[in-house]
Amino acid sequence: MSSPRFRIAPSPTGYFHVGGARTALFNWALARQLGGTFVLRIEDTDTDRNRPEWTQGIIDALAWIGISADDPHFEGPYLQSDYTQQHVAAVQQLVDAGKAYYCDMTAADIEARNKAEGSTGYAGWSRDRNLGPGPDRVVRFRVLAGTTIVRDQVRGDVEFDNALIEDFVLLRSNGAPVFLLANVVDDIHMRISHVLRAEEHLSNTPKQQMLWEALGTPSPVWAHVPLLVNEQRKKISKRRDKVALEQYRAEGYLANAMVNYLMTLGWTPKGPEVQPWPQIEGDFRLEDVHLSPAFFDLKKLAAFNGDYIRMLSAHEFLEACRPWLLGPDAGFPADRFDETKFLAMAPHIQPRCVTLADAPGVVDFLFLAEPIIDQDAWAKVFAAPDAVAVLREAIVAYDAMVEWNHEALKSTLEAIGATHDLKLGKTQAPVRAAVSGRSVGPPLFEALEVLGRDETLRRMRNAEAALA
RNA sequence: GCCCCCAUCGUCUAGUGGCCUAGGACACCACCCUUUCAAGGUGGCGGCACGGGUUCGAAUCCCGUUGGGGGUGCCA
């Protein structure tokens, strides 16, 4: 038996959808695990909506989540529009075999006839009229009586009564094949063995299965995975929801976190849900895929992201954050950024970030020429009875310190606090406000060590002067 | 309307007839730790939609109801 061939068939009509990413990941895991192939086919036949530039966007998005076009399991991308001849030929084959026929009824004709007969839908009215090709004529598939059983690897056998499926259009009156047909013909030509896609396609699967059979090929293994839904329990869509993978990337989500989270939607890893991809790839089984829709929960995604950020080494964290650190929204000039200082602070920054975009804001005061004063925090801190006195004494003591390191900075301030009967929590507040302009931030003494004696004292003296 | 799918804490889920007084994770709350804020630790809150069966025994099997979703195009 030849190796399995999977595929995803996105249309280039916008940014790559997280739901599409999840489906791609499921296919990818199986293709790699089983030594099979993952085919990317761009379904670009809707000329009104598709835009060529989105194709590269899809490839980039896939690469981001680890589905690399350089991997030997990857094949494509193919463009559906390159195969129009084959689609048309397949339709002709069906017409020649009497499995499809021409019909000249327009939507208005159909509506009128239904109105007259009190019926709905299209009841195969042109089946036996033996119409040939001609302007404004479509080709419809002749749906045979009986039942069609879709053997789905996730849902089991699903039975459809053919009588309820009307003779659907294969070729539009303008000569263009419809999605259903093109999709099947391409799958056949690309020797796809497993069609794993979202559940929204389940209802149309009997039509596709009939097409596979009519075209003389046994249908593939079907597998319909549950939909991703929003808080309203409707499938997430571009219109209503934040679905662009690229957007999450731009907001500072880690690819590994996104991948891991996506894999928990519709499937459960063995053991802890935070799992490295190789483990997931090895454990993933179609039989274990769930049946009910999953809510795409931003809060849970954020939790995964925080976990993955904390797992990064300092250097990895720096590299991951670089675009935000040196970008226009960093909050400080790029030329004032100092890698060494950032690296030293990294272990203290990581647990304070949900996304990579949070990083600059945690340490911006280290790279700013002057701290930005949060007036409310400042007022509150220096309203405390001994705050100003502590600041003054700290300036003197810090100026006299021999070794400038966080242990010494801490014990020195602790000693000052003791003379005022203050705990360290209270004692550090004025120093933090003076140096960072805020009342919250990363551990103070570590930050002061990194900031350096001169700059620390300069800021403390400035604050003292401002308070005078 | 018709067809199809689905149904365990707010959410993601474990659970495949007795191990379930239903387990975990996120969120939330409390406490601990503590140098602020986080992170971390401990604990708490909270669920088998409903009604019938089947069975010695049902979250687990069957039927129905209800609820939710998807499909039903000369969109993909």
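Just so it is clear: chains get the letters A, B, ... in the order the sequence lines come, proteins before strands, and each one is counted from 1. What you see below is based on every heavy atom in this structure, not just the backbone, and it leaves out hydrogens, waters and symmetry mates.
Salt-bridge check for A:D187 with A:R41: passed, with a basic side-chain N closer than 4.0 Å to an acidic carboxylate O. A salt bridge links A:E199 with A:R155: the distance from a Lys NZ or Arg NE/NH1/NH2 to an Asp or Glu carboxylate oxygen falls below 4.0 Å. Between A:K380 and A:D374, no side-chain nitrogen of the basic residue sits less than 4.0 Å from a carboxylate oxygen of the acidic one, so the salt-bridge criterion is not met. One finds a salt bridge joining A:R459 and A:E455 here, because a Lys/Arg side-chain nitrogen approaches an Asp/Glu carboxylate oxygen to under 4.0 Å.
Taking atom C1' in both B:rC6 and B:rA30, one finds a spacing of 37 Å when rounded to whole Å. Nucleotides B:rU66 and B:rA49 are separated by 8 Å at their C1' atoms, to the nearest Å. Across B:rG51 and B:rG1, the matching C1' atoms stand 27 Å from one another, rounded to whole Å. Across the P atoms, B:rC12 and B:rC20 are found 25 Å apart, a figure rounded to whole Å. Rounded to whole Å, the separation between the C1' atoms of B:rC63 and B:rA76 comes to 38 Å.
Nucleic acid contact for A:E159: sugar-phosphate only, since backbone atoms but no base atoms lie under 4.0 Å from a heavy atom of the residue. Using a 4.0 Å heavy-atom criterion, one finds that A:Q350 contacts no nucleic acid atom at all. Residue A:L227 is in sugar-phosphate contact alone, with no base atom involved, counting any heavy-atom pair closer than 4.0 Å across all strands shown. Among the heavy atoms of the strands lying under 4.0 Å from A:A294 are primed sugar atoms or P, OP1, OP2 only; no base atom is included. Contacts of A:V138 with the nucleic acid, taken as non-hydrogen atoms under 4.0 Å apart, include base atoms. Using a 4.0 Å heavy-atom distance criterion, A:R432 is classed as a base contact. At the heavy-atom level, A:M263 lies nowhere under 4.0 Å from the strands shown. Counting any heavy atom pair closer than 4.0 Å across all strands shown, A:G266 reaches sugar-phosphate atoms only and no base atom. Nucleic acid contact class of A:P442 (heavy atoms, under 4.0 Å, all strands): base. Within the nucleic acid shown, A:R310 comes within 4.0 Å of sugar-phosphate atoms alone, with no base atom in reach, counting heavy atoms only. Among the protein residues, A:F445 comes within range of the nucleic acid bases, having at least one heavy atom under 4.0 Å from a base atom. Using a 4.0 Å heavy-atom cutoff across all strands shown, A:H290 reaches sugar-phosphate atoms only and no base atom. At a threshold of 4.0 angstrom between heavy atoms, the contacts of A:G441 include nucleobase atoms, whether or not backbone atoms are also involved.
The side chain of A:E200 has B:rG70 as its nearest neighbour among B:rC74, B:rG70, B:rC5. Relative to the side chain of A:R155, the nucleotides B:rC6, B:rA76, B:rC26 differ in distance, and B:rC6 lies closest. Side chain of A:R352, nearest nucleotide from B:rA76, B:rU36, B:rC4: B:rU36. Side-chain proximity of A:N204 to B:rU72, B:rC6, B:rU35: nearest is B:rU72. Checking B:rU35, B:rU11, B:rC26 against the side-chain heavy atoms of A:K300 singles out B:rC26 as nearest. Closest approach to the A:Q428 side chain among B:rC26, B:rG71, B:rU36 is made by B:rU36 (side chain taken as heavy atoms from C-beta onward). Each of B:rU35, B:rC4, B:rA76 was ranked by its minimum atom distance to the side chain of A:L202; first place goes to B:rC4. Here B:rC12 is the nucleotide among B:rC6, B:rC3, B:rC12 with the atom lying nearest to any side-chain atom of A:R233.
Taking the six-membered ring where tryptophan is involved, the planes of A:F317 and A:F342 are essentially parallel, since the angle between them stays under 30° and well short of 60°. Ring orientation note: the planes of A:F179 and A:H201 are tilted relative to one another, at an angle of 30° to 60°.
Taking the nucleotide of RNA chain B with the nearest heavy atom to each of A:P10 and A:T264, the more 5' of the two is matched to A:T264.
A:Q208 and A:W222 are not linked by any side-chain donor-acceptor pair at a separation below 3.5 angstrom, with hydrogens and angles left out of the test. Side chains of A:H87 and A:D186: a donor-acceptor N/O pair is present below 3.5 angstrom, by distance only. Defined by atom type and a distance below 3.5 Å, a donor-acceptor pair is present between the side-chain atoms of A:N114 and A:S119.
Donor-acceptor pairing under 3.5 Å, judged by distance alone, is present between the side chain of A:S173 and the base of B:rC74.
Nucleotide B:rU55 forms no Watson-Crick or G-U wobble pair with any nucleotide shown, as no partner meets the under 3.5 Å limit on both distances. The nucleotide B:rU16 finds no pairing partner, because no Watson-Crick or G-U wobble arrangement with both distances shorter than 3.5 Å includes it. Summarising the base pairing, B:rC26 is matched to B:rG10 through a Watson-Crick or G-U wobble pair whose two defining distances lie under 3.5 Å. Using Watson-Crick or G-U wobble geometry with both donor-acceptor distances under 3.5 Å, B:rG1 finds its partner in B:rU72.
Contact check, A:K410 against B:rU35: a side-chain N or O comes under 4.0 Å of OP1 or OP2. Between A:K270 and the phosphate of B:rA14, there is no side-chain N or O to OP1/OP2 separation shorter than 4.0 Å. Between A:H224 and the phosphate of B:rC5, there is no side-chain N or O to OP1/OP2 separation shorter than 4.0 Å. OP1 and OP2 of B:rU35 both lie 4.0 Å or more from every side-chain N or O belonging to A:H406. Contact check, A:T268 against B:rU13: no side-chain N or O comes under 4.0 Å of OP1 or OP2. OP1 or OP2 of B:rG71 has not a single side-chain nitrogen or oxygen of A:R197 nearer than 4.0 Å. A sub-4.0 Å separation between OP1 or OP2 of B:rG69 and a side-chain N or O of A:K234 is present. For B:rA76, the OP1/OP2 oxygens have no side-chain nitrogen or oxygen of A:N183 closer than 4.0 Å.
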Next item on the list: Mark up nucleotides 60-66 of chain B, 5' to 3', with B wherever a protein heavy atom is under 4.0 angstrom from a base atom, S wherever such an atom reaches only the sugar-phosphate, and - elsewhere.
Entry: -------
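Two rings, from A:Y308 and A:Y253, have their centers 6.0 Å or more apart.
Look at NZ on A:K207: it is 13 Å from C1' on B:rA76, rounded to the nearest Å. Rounded to whole Å, atom P of B:rG73 lies 14 Å from atom CG of A:L170. Rounded to whole angstrom, the span from the CG atom of A:D167 across to the P atom of B:rC74 amounts to 12 Å.
No donor-acceptor distance shorter than 3.5 angstrom exists from the side chain of A:D104 to the backbone of A:D136, with no hydrogens or angles considered.
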